[in-house]
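Encoded as structure tokens, the structure appears first; notes follow it.
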Protein chains: 2
Amino acid sequence: MKTADPELMRAINRFHVMDAIRRFGPISRVEISQLTELSPTTVSAITAALLDDKLIMTMQVGALRDSTRGRPRVMLRLNPDAARVVGVKLAPDLITVAVTNFCADVLRSVALPIRIDRQTPAVIADLVEDGVRRCVSDAGLEMKDISGLCIGLPGVVERAAGVCRQSPIFGDRDVAFGPQLTERLGVPVTIDCDVNLCALAEHWFGQGRGLNDFLVVSVERSLGLGILHNGELFRGASGLSPDLGDFMVRPSGNEGGRLGDLASETSVLADLETPARSRESDGAHGHGRAIAQVVQRADAGDKRCIAALAAAGEALGFAIANLITLFAPPKVIVSGGEMAHSEHFLGPLRRALAAQLPPSLADVSEIVAREWSDGIWVRGAAAMTLRDLYGAPWNTTGPARPSTAIAEGEP
Amino acid sequence: MKTADPELMRAINRFHVMDAIRRFGPISRVEISQLTELSPTTVSAITAALLDDKLIMTMQVGALRDSTRGRPRVMLRLNPDAARVVGVKLAPDLITVAVTNFCADVLRSVALPIRIDRQTPAVIADLVEDGVRRCVSDAGLEMKDISGLCIGLPGVVERAAGVCRQSPIFGDRDVAFGPQLTERLGVPVTIDCDVNLCALAEHWFGQGRGLNDFLVVSVERSLGLGILHNGELFRGASGLSPDLGDFMVRPSGNEGGRLGDLASETSVLADLETPARSRESDGAHGHGRAIAQVVQRADAGDKRCIAALAAAGEALGFAIANLITLFAPPKVIVSGGEMAHSEHFLGPLRRALAAQLPPSLADVSEIVAREWSDGIWVRGAAAMTLRDLYGAPWNTTGPARPSTAIAEGEP
DNA sequence: ACACATTTATTTGTATAGCGAATAAAAAAC
DNA sequence: GTTTTTTATTCGCTATACAAATAAATGTGT
């Protein structure tokens, strides 16, 4: 915890005000005052400063004069043009880029269906750079208009250092992808675990609005876990994001208990030894098609497909039970592609969950399947950057807090 | 996050100063200033207030004048007599009570070897009340001298509400033990999961000094998990403490995969179907003796005992691997009785851990076995209370933060 | 012995924060 | 047009942190 001074005080309260404006849309000063429990005076002062900085703008009172008398409220909202940021999501066979404004509205996005896993980091950086430049240019902007950029990718990411410790995308370990792109693009680039972005997006725009605690489990080719705790993204020690794929669901002796080898899309396909269209050669969308096929065949009654999906669901349900035991979140969001929505997957997941959970926790968590949407990732990536621009004084989500001298141990 | 005002500012900085004094013993104002990065002016002001409140005291410069010239430093230390608090630890067959001073030094302690599990909460409250009153009186104090009391017990505890959701101690669910004792003793009583107290104690006095992240796994009759994250105790949503016993290590279909049924002392005994001295009738120390016997026989080469301990160690190692995957803590402290120190238990634990951990996390965590000491629990309980008296402005450890209006969702 | 250097602690003065009370602004109600 | 009501701002107050100047307390050197 940083030492407190007037500056921090202002930063905290300013963030509260910004957050209230962001969340509750056009909002008047009185309402902000009520929501934040700051005095009207303070709200007035802070909003004046924000208006001065052009971070927010006034909205002339529109329809909502409910024939109340008194001086009408002046509604405040974020100034969409205060900044533009870029969000990037890397998947093994798809690069998604989006440019958003200060409200996290997507101005322009491009999806590049390119198979990038096992390319060298330099090549991937090239592709990302190209994609970003193109998307920015398509949006009618130049790079100098961009205030920041965040890249989400699966795996274990150390956000503070901008280093990807390990990822299905990169063959190498410890790729300093953030600094690399920062240099290439001349814009501050952060990287983060993709599912963290998803969690932030859910918190800002999706199923997690108004919730201070929830889990996001992403089921794609690999598995991810994002934890929102006490209104903040939770990161492990030294800011590492956990990799749900490395979670073990049974002792490894008996033919591998890695969850990633049991419950991911990849593992389901491997389990079925999907014939024909070998996944290496089939380019970008082969994987997605293969999964869709599996789900279809399961719907049609194919026993093997049903069993494969059920096995995956059960394994994930087992893992989620343990996560609920640890975190007791009121909500668990299962986010993913077609597989994640199939009842052949979700049903066994729920059943396994119910079987494993201790009775005391049986009802604390609601499991919801989140409709897949490409947009949410990049919006989350944008939000991650915006959060910093909004002036968040909590370092929880930003780079790991520089541990104060007092925290260093014996003097 | 609370809104910031000058009061909070002062509270934060005062806590930093208190914490520096607590941790770095007799310490001068200049050193505090360096450690906390507060200005000398501020440190002077805060320490003056603390001295005024008699929370700290000056120490006449002792031996450590290293022939440096200049005005000698005035050393500051906690005033041991600033307050007394009581820590209580409940185990199924043992109640431990300790009275400590403001430095968390134990003034007096009593251990009551009473089998309390399955007694009614009222009876247990009676016993605790008696024990506390006796211990306080033995210390030459009266209840009015006591500033606070914290009770640690195994199970799932909701500290904020003072409610024990579930515990091997109580047959009932949702026992409001905190308020009950508060009324009986006329002193603020908090309750907490015992292993959280242990974690705090390790952080203040033990293996966790200077570490901002570590796990404590307690192996007793039941299993506990305490998480220190970013220098603060981690609690699940709504302040619930997790119960490691409910962690599953294999799908429950095949004869129960609850970790508590596989790796606790109780389960080892059950596994061996310890003959003779039936555990029900043998009063308080039967359990401990039985465990000691198992360890002894394992040391002597008894195959069944070795296997039982190994199975328990493996199960726990499996669970710890998953915890490391999630939290990546630099240290994991395994705390417990004789069983937890036996190499017949720890060896398999380490091996299972090594087998399950992903390579990228193979070396991040050091596993240490913590010598059992009754004292540490009650000292932790005392520390938990002292933390509040020191004025910790973070509600993470205290009662759950009253979620500000802004966090409540849509307006 | 006594001036001087040196380190530590306090005092003084300044800037900034938040907040309550009074005030101004703006619109409906009378 | 005046009053009422609600919203926003201004003014005056207090609390905080901090930098600079000052005081305190000790060792060093002549």
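Note that these values count all heavy atoms, side chains included, but never hydrogens, waters or copies made by symmetry. The model shown is predicted, which means the values in this text are computed figures rather than measured ones. The sequence lines fix the lettering, A, B, ..., with proteins before strands; numbering per chain opens at 1.
Distance from the side chain of A:Arg69 is smallest to D:dT5 among C:dC19, D:dT5, D:dA17. Between D:dT9, C:dA9, D:dT16, one nucleotide has an atom nearer to the side chain of A:Ser44 than all others, and that is D:dT9. Taking every side-chain heavy atom of A:Leu38 into account, C:dC19 is the closest of C:dC19, D:dC18, D:dT7. With D:dA17, D:dA8, C:dA9 as the choices, the nucleotide that has an atom nearest any side-chain atom of B:Thr42 turns out to be D:dA17. The side chain of B:Arg73 sits closest to C:dT8 out of C:dT8, D:dA25, C:dA17. When the nucleotides C:dG18, D:dA8, C:dT7 are ranked by their closest atom to the side chain of B:Arg71, C:dT7 comes out on top.
With salt bridges taken as basic N to acidic carboxylate O contacts below 4.0 Å, none links A:Lys331 and A:Glu202.
Per the geometry, CD1 belonging to A:Ile32 stands 16 Å off C1' belonging to C:dG18, to the nearest Å. A straight line from CE of B:Met9 to P of D:dT14 spans 17 Å, rounded to a whole angstrom. Separating the CG atom of A:Leu8 from the P atom of C:dT16 is a distance of 17 Å, rounded to the nearest angstrom. For B:Ile12 and D:dA15, the CD1 to C1' distance is 15 Å, given to the nearest whole Å. Rounded to an integer number of Å, the gap from CG of B:Leu50 to C1' of C:dT10 is 16 Å. One interatomic measurement links the two molecules: CD1 of B:Ile46 to P of D:dC18, which rounds to 9 Å at whole-angstrom precision. Atom pair B:Asp5:CG and D:dA17:P shows a separation of 12 Å (rounding to whole Å applied).
Look at B:Thr41 and you won't find any side-chain N or O under 4.0 angstrom from OP1 or OP2 of D:dC18. Taking 4.0 angstrom as the limit, B:Asn13 places a side-chain polar atom (N or O) nearer than this to OP1 or OP2 of D:dA17. For C:dT8, the OP1/OP2 oxygens have no side-chain nitrogen or oxygen of B:Arg29 closer than 4.0 Å.
Between B:Tyr390 and B:Trp204, the ring planes lie parallel to each other; the angle is under 30°, not in the 30° to 60° tilted range.
Contacts of B:Ala48 with the nucleic acid, taken as non-hydrogen atoms under 4.0 Å apart, are absent.
With no hydrogens or angles considered, a side-chain donor-acceptor pair links B:Ser39 and B:Thr42 at under 3.5 Å.
Using a 4.5 Å heavy-atom cutoff, the side chains of B:Ile32 and B:Ile21 are in contact.
With ring centers used as reference points, B:Phe234 lies under 6.0 Å from A:Phe327.
Remark on DNA chain D: of its neighbouring residues B:Glu7 and A:Ser28, the 5'-side contact belongs to A:Ser28, judged by nearest-heavy-atom nucleotide. Comparing B:Arg14 and A:Thr47 along DNA chain D, the residue whose closest nucleotide (by nearest heavy atom) sits nearer the 5' end is A:Thr47. Ranked by how close their nearest DNA chain C nucleotide is to the 5' end, A:Arg10 and B:Ala45 are led by B:Ala45.
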